[in-house]
2 protein chains.
Amino acid sequence: MKNKANFGATVTEASRERPTLKTIAFMTGLGITTVSRALKDAPDIGAETKERVRMVASQLGYQPNRAGVRLRTGKTNVIALVLSIDEEIMGFSSQLVFGISEVLTGTPYHIVVTPHSHSKDPMLPVRYILETGSADGVIISRIEPDDPRVRLLSERNMPFATHGRTDAGLMHPFHDFDNEAFAHQAVEKLVVRGRKRIALLQPPSKLTYYTHTRIGFQTGLHDYGAEEVPLRVTIDTPLDEIRNAVETMMRSSNAPDGIVCLAGSAAIAVNAGIEAAGKRLGHDVDMASKESAPILNWIRPEIITAYEDVRHAGREMAKAVIARIDGVEPEMLQSVSQPVWKA
Amino acid sequence: MKNKANFGATVTEASRERPTLKTIAFMTGLGITTVSRALKDAPDIGAETKERVRMVASQLGYQPNRAGVRLRTGKTNVIALVLSIDEEIMGFSSQLVFGISEVLTGTPYHIVVTPHSHSKDPMLPVRYILETGSADGVIISRIEPDDPRVRLLSERNMPFATHGRTDAGLMHPFHDFDNEAFAHQAVEKLVVRGRKRIALLQPPSKLTYYTHTRIGFQTGLHDYGAEEVPLRVTIDTPLDEIRNAVETMMRSSNAPDGIVCLAGSAAIAVNAGIEAAGKRLGHDVDMASKESAPILNWIRPEIITAYEDVRHAGREMAKAVIARIDGVEPEMLQSVSQPVWKA
DNA sequence: CATTTTCACTGTAACGTTACAGATTTTAAG
DNA sequence: CTTAAAATCTGTAACGTTACAGTGAAAATG
């Protein structure tokens, strides 16, 4: 009862202050510890007491003070999203953020966005999070086969999920788009339209899904009897360079009659290159592209598009990190989503 | 010296633990308070002592524990970005986030993203932030002339900046794009090309910049002697409805010969509508559009585009909130950026 | 009826930080 | 020399929370 004096003097003022366990303790006449435990539904608190505490708490609109919890327990209730600034042209990362938030709403977790330029050291943000313990879980993208961030996070036992897979016997939660299936099916779609000489606008070779893409593409070529026309730019190349490279390619005697494209924004540049070369989509050449926002068909209905649901990816990864934090085994937290072809 | 025993026993282990003021106090032989004050460059600490403390601190890679600071001082070192999920198609909000982060890097601030659907109560996230004191500053967008969030934040003395202006004598930091100038100039560009019958794809009427847009547009019509062809959809309308509305309009006897469009994503749908009606951009009709990512000209070089630098907006708002937190007057923290027309 | 168990509840300490009110030593002033 | 004034430094308490080690009373056991 030593709090009584405190409250007696300031009861009217106190009602405007943010309620704490102390407030509830005072109002119920219980100890602070009891209130804390009651709200956590601890087994050594009476049922009726719990009920009473819960009532008062919700009456007051009590919300645990995050700093208090964090200081005492180390639990931050933060999920850090590490984003590469440069990968972004088409709102890819907004969708990720929104997907993640969807899941985090209704949990105590907040999402902190930690961007970095991938020209700088990609380890920096991850190291910062580990050193300062500023998050309970981490989400990273642009994964490499033997990604050092994945190694470090695993080693330090920090729960995390990746957008993309590794390929070095590292076991961890991930969500990935099935780029192998996409590339394979893309080749099929083109061959069905009579295309046999196909170019691939692929991801940069250091990312894991470069290989997935290559395998799907080459298997497709083999299965459906087509051949590759080489293209030296990647989806990370600036759009004008892509356009120029495609224009040059389309003007050459070696021009392809089909193009597979791994990103929606790049597809726009490819299309510009095709048109600059005086060719027509659907006539001289066909293009199959992945897109993370349904806009390509607004631009050219002839583009064969597969949708990658990035928001869904965000949801999956958010669920995975939280599950990982709760101790679920990484094996259970891996998922791959299939391309959805338009029409 | 009462810490000595503690440390003596665990000195090797302690070196792996995260350093605190206590660690530095032990290493320098000073009191915890002294170290704290030394690191803040307080006037009552000796110059040599400060130097020594700073050395040891940086040696150890000391970083203040955020939970400790927050619990003690109430300072969260968090900027909350409140985003509307629905407004997003083209990576608008990613650019905002990146712009904000650019400024926040090198400050102690982190960015927490708090999304919400604007079909739900838009006050919810703001109320949550106020009630839980979970941020030192807030950034909001989609501003209305008499925005209740602006009122509430002002009333509660929470530093904030808005992306867009209010119009009810509310004084607060903001950054805005000059939509009035944009609309006016857009009309000019169209009239210069001989267009006289112009349609406007405008923002929803509840947002402040609807009025700005209308004023610029109508002044432009008047100044350059053109007339308006009404269009009932807004840039918030789903893309397929925009397309249909535009197609219908373009097929009608009342079809415009110029269109002003306030958003890049909507422009894509407008273009699709024009083409669906069998008209050609640059021949039958011209379009001037704002865009926040340079993609429209990849799609149709004929579109007259003005660039809105959203990343810059993010930077401006981040600087504004921080300045506001530091006590700078709102009057000093308002900026408007001008449209930049391509070529 | 004495003893053990169970049940319901509680005080203390600690997480890392800073405001505040001293404490000690040195220097300046009278 | 004494006294006042700087100049430096420090311990205590508190922010809100929870782990831990209890306490006291009632119920079950022998």
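Side chains are part of it too, since the values below use all heavy atoms of this structure and drop only hydrogens, waters and symmetry mates. This structure is a prediction, so every number in the text was calculated from the model and none was measured.
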Starting at CG of Leu30(B) and ending at P of dA23(C), how long is that distance when rounded to a whole Å?
20 Å

Suppose we call a contact any N or O donor and acceptor under 3.5 Å apart; does that hold for the side chain of Asp44(A) and the base of dC7(C)?
no

Name the closest nucleotide to the Thr34(B) side chain, picking from dT12(D), dT17(D), dC9(D).
dC9(D)

Can you see if the side chain of Ser36(B) gets near the phosphate of dT17(C) - specifically, an N or O under 4.0 Å from OP1 or OP2?
no

Met123(A) atom CE, over 12 foreign heavy atoms within 6.0 Å:
yes

Take atom CD of Glu331(A) as the centre, draw a 6.0 Å sphere, and report whether it contains more than 12 heavy atoms from other residues, nucleotides or ligands.
yes

Nearest heavy atom decides the nucleotide; on that basis, is Leu71(B) or Arg37(B) closer to the 5' end of DNA chain C?
Leu71(B)

Would you mind classifying the nucleic acid contact of Thr73(B) as base, sugar-phosphate or nothing, using non-hydrogen atoms under 4.0 angstrom?
sugar-phosphate

Among His312(B), Lys319(B), His175(B), which residue satisfies the side chain to side chain donor-acceptor pair (under 3.5 Å) criterion with Ser335(B)?
His175(B)

Would one find a side-chain N or O of Thr20(B) under 4.0 angstrom from OP1 or OP2 of dC15(C)?
no

Quick check: do Thr166(A) and Asp146(A) have side-chain heavy atoms less than 4.5 Å from each other?
no

Taking atom P of dG16(D) as reference, at what distance in whole Å does atom CD1 of Ile24(A) sit?
12 Å

Pairing of Asp309(B) and Arg311(B) as salt bridge, 4.0 angstrom limit:
no

Closest to the 5' end of DNA chain C, once Arg72(A) and Lys40(B) are matched to their nearest nucleotides, is Arg72(A)

Can you tell me how far P of dA8(C) sits from CG of Asp41(A), to the nearest Å?
13 Å

Round to a whole Å and report the spacing from CD of Glu17(B) to P of dC15(C).
11 Å

Return the value, rounded to whole Å, for the distance between atom CD1 of Ile45(B) and atom C1' of dT10(D).
9 Å

Nearest whole Å is fine: how far is dG16(D) C1' from Arg70(A) CZ?
14 Å

Sugar-phosphate, base or nothing in reach of Gly68(A), heavy atoms under 4.0 Å:
base

For the pair made of CD1 in Ile32(A) and C1' in dG22(D), what is the distance, rounded to whole Å?
17 Å

Have a look at Asn65(B) and say if it touches a base, only the backbone sugar-phosphate, or nothing, with a 4.0 Å heavy-atom cut-off.
sugar-phosphate

Which nucleotide wins on minimum distance to the side chain of Pro64(B), given the candidates dT8(D), dT17(C), dT12(C)?
dT17(C)

Atom pair distance, as rounded to whole Å: NZ in Lys22(A) and C1' in dT10(C):
16 Å

